[in-house]
Amino acid sequence: MERSMSQPKSMDAIMALCKRRGFIYQASEIYGGINGFWDYGPLGAQLKKNLREAWWQDMIMNPAWGRKGPNGERVRCVPLETCIIQHPKVWEASGHVGGFNDPMVDCKESKGRYRYDHVMVFVPESGDPGDKPVFAYVGDQPSEAKQRKKAEKTFGAVRSVALSSLPQPWTRVIGPDAEKPGTLTEPRMFNLMFDTIPGAIRDEANKAYLRPETAQGIFVQFKNVVDTTRVKIPFGIGNTGRSFRNEVTPRNFTFRSREFEQAELEFFCHPSESQDWYRFWRDFRMEWWRSIGLAGENLILREHDKDELSHYSQGTSDVEYRFPFTAPGFGELEGIAHRGCYDLTQHQEHSKVKLDYFDTTRGETLPNGGKKGERYIPHCIEPAAGLDRGALALICEAYTRDESRPSPEILRFHPRVAPIKAAVFPLVDKDGMPEVAERLADELFRRFGRDGFIETDAKQSIGKRYARMDEAGCPFCFTIDGDTLKDQTVTARDRDTGQQQRIALDKVAGFLAERLA
RNA sequence: GCGGGUGUAGCUCAGUGGUAGAGCGUCAGCCUUCCAAGCUGAAUGUCGCGGGUUCAAGUCCCGUCGCCCGCUCCA
């Protein structure tokens, strides 16, 4: 089969490979699994760690690969690690509590879903419908006029009451878009946030939330970082870790999980420079994903339309990947948002703690040559990536079926993220080859073992061993053969092409070092 | 939440109400000088889970859970 971009990859095959080779397992599988939760096996755990490390290196320790920012200076970032559980008021300030606690009712007939507090009902003026059904509607929706007409035909004069004022179950209520009565479900809370109760004695008053994003931890500690680390605007604070969201419908393998890991940077800058920084990060993030293997046309940058933007945002872009299950559409890997001064302002209001910044490089020049300074709430650019989605995209992009090869399934990971960095094989398990292989493996272990696995294998045929490594995504195999003993050279075999070349035994580590960067 | 599909070995899947199977993979031994080669052997299953019908259930019925697809939802 030709490899072609239009040929969709089979998600079933990818999921089977993930299980077979120990990338991803269902969480609590022996108990039947738990909806929306996934575990990483040995190779998956290392793949994701490599992804997280790459992000950490390229976003915090050596941001944007050492490039100069739009201000002409080296980009500066610092790390932070904040708690999953924060003060409940953090989520009030961020808007997560207020926005997403609405009870909803579903209609079994029309499949509609309505906000409970928006549903009204036409009842007879007297308030007593007897045995007759009453008519629910949603204000300013087509259902209002339609239901009024029916209600007036049934009762004559009618008045409106809230659905919540009627006793449950609503067996005689006809849903806004339904024909038959009794199809509305009881109201259900759609809490996007998980809650929990800290403290050994259970007391609802102490309710706290598992964070739905890592970003708020950064805003909440912004002042501490400024006060204790000599950072100066512009600078960024990076934070990675687990977040939790009660997705309505976990779906599509690990793409929409209820527990997931984020890597978020909040980059603080002067309002006047914020658009430049927004474009800087947006473009760099796209380039970065490309650099670790999402190089094809499956990756796109999508600028949000004006009507898609939050009211405070002056620009948002998504880095999106065409997963097999979204094709021909795309799924979000990362959002880069210009958040203005929204978050710091919110936390300043709710906490009553000043979160502005005194910028000594701005303001009018004083007679002594210094600056008067300017006080402002920094604007913030937020590149927020999903590491699990990233890992899944890396797997999907790497997955290749090539029927022309004896082992058709290959994971073509970029060497930087590949969980297995190299394999060392004795061509046959005798004649002094195993000993040489062992010594070479030891050397590679010392040099590269912290970045990923170094595999050795002497069992079965060489073809099978290559095939196993192809399927696990190992980019390079080194094989010791009879000639090695005579001239100190080995075969270096490339995963993607299957081609091999002879290189000197003592050059193997250097060969690998060049290619793993 | 609704509808459809599905669940049997690590993976892919067969399996007429009557003793749980195959291929691949895995492991061991032999063989093997470069691409899942060959030979011999081995291990691996509460047939997703729980009820029910039946002399007898992987198979029929009910419930439940997970996964996939489509709607719905998606800060």
Side-chain angles (χ1 to χ4, degrees), chain A residues 10-22 25-38 41 91 94-102 104-115 183-188 190-193 212-213 215-216 243 245-256 258 308 310 324-325 331-332 335 337 402 404-410 425-433 457-471 477-486 490-495 497-502:
Chain A
S10 157
M11 206 56 211
D12 286 345
I14 290 171
M15 289 169 67
L17 178 57
C18 281
K19 169 83 183 279
R20 191 166 69 241
R21 288 298 172 188
Y25 309 129
Q26 199 177 6
S28 306
E29 185 181 292
I30 63 170
Y31 289 102
I34 175 165
N35 196 357
F37 297 88
W38 301 87
W91 310 111
S94 70
H96 287 86
V97 172
F100 312 108
N101 267 346
D102 303 317
M104 311 284 278
V105 294
D106 287 338
C107 175
K108 294 179 204 162
E109 183 187 321
S110 72
K111 314 296 185 204
R113 176 168 286 168
Y114 312 96
R115 272 186 60 168
T183 60
L184 291 182
T185 65
E186 62 187 25
R188 280 172 293 213
F190 281 74
N191 287 320
L192 273 319
M193 285 194 291
E213 61 175 38
Q216 296 303 323
S243 293
R245 296 182 195 185
N246 253 323
E247 298 293 349
V248 178
T249 314
R251 195 63 75 88
N252 289 330
F253 204 20
T254 59
F255 183 78
R256 184 168 290 159
R258 288 180 166 151
E308 250 183 301
S310 314
F325 49 81
E332 182 184 344
D402 185 346
S404 71
R405 286 169 68 149
S407 50
E409 286 188 308
I410 309 165
F425 302 143
L427 184 58
V428 290
D429 197 11
K430 61 179 184 185
D431 298 339
M433 296 178 210
D457 193 355
K459 299 288 182 189
Q460 301 174 305
S461 72
I462 190 69
K464 265 190 188 182
R465 286 177 271 162
Y466 285 152
R468 265 199 287 265
M469 288 300 112
D470 287 346
E471 213 179 55
C477 297
F478 302 98
T479 300
I480 302 341
D481 60 17
D483 291 345
T484 306
L485 305 170
K486 287 181 250 163
V490 303
T491 299
R493 184 252 189 197
D494 180 272
R495 174 196 63 205
T497 62
Q499 285 174 347
Q500 38 195 56
Q501 53 178 300
R502 297 296 295 186

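Note that these values count all heavy atoms, side chains included, but never hydrogens, waters or copies made by symmetry. Residue numbers begin at 1 in each chain, while the letters A, B, ... track the order of the sequences.
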Exercise for review: Could you check which nucleotide pairs with B:U64 in any of the strands shown, counting Watson-Crick or G-U wobble with both distances under 3.5 Å?
Suggested key: B:G48
Check your understanding: Taking atom types as they are modelled, is there a donor-acceptor pair under 3.5 Å from the base of B:C35 to the side chain of A:R465?
Key -> no
Review point. In the strands shown, is B:A22 matched to any nucleotide by a Watson-Crick or G-U wobble pair with both distances under 3.5 Å, and which?
Key: B:U12
Anything under 3.5 Å between a protein N or O and an N or O of nucleotides 41-48 of chain B, put it in a table, one pair a line.
none

Review point. In terms of side-chain heavy atoms of A:P212, which of B:U33, B:U12, B:A75 is nearest?
Key: B:A75
Revision key, fill the gap. In Watson-Crick or G-U wobble terms, with both distances under 3.5 Å, the base opposite B:G3 is B:C69
Exercise for review: Identify which nucleotide among B:C35, B:C11, B:A37 has an atom closest to any side-chain atom of A:A16, counting heavy atoms from C-beta outward.
Suggested key: B:C11
Practice item. Please work out if A:Y31 contacts a base, only the sugar-phosphate, or nothing of the nucleic acid, heavy-atom cut-off 4.0 Å. Key: nothing
Practice item. Look at the side chain of A:S407 and the base of B:C35, then say whether one donor and one acceptor between them are separated by less than 3.5 Å. Key: no
Check your understanding: Contact class for A:F253 vs. all strands (heavy atom < 4.0 Å): base, sugar-phosphate, or nothing?
Key -> sugar-phosphate
Review point. Whom does B:A28 pair with, Watson-Crick or G-U wobble, provided both distances fall under 3.5 Å?
Key: B:U40
Exercise for review: Return yes if the base of B:A36 and the side-chain atoms of A:Q460 contain a donor-acceptor N/O pair under 3.5 Å, otherwise no.
Suggested key: no
Review point. With sugar-phosphate meaning primed atoms plus P, OP1 and OP2, does A:R251 contact a base, only sugar-phosphate, or nothing at under 4.0 Å between heavy atoms?
Key: base
Exercise for review: Name the nucleic acid region contacted by A:Q26, choosing base, sugar-phosphate or nothing; use a 4.0 angstrom heavy-atom cut-off, strictly under.
Suggested key: sugar-phosphate
Point to revise | Selected nucleotide, minimal atom distance to A:T491 side chain, candidates B:C11, B:A37, B:C34 | key: B:C34
Review point. Using the ring of each side chain (for Trp, its six-membered ring), is A:F253 parallel, tilted or perpendicular to A:W38, with breaks at 30° and 60°?
Key: perpendicular
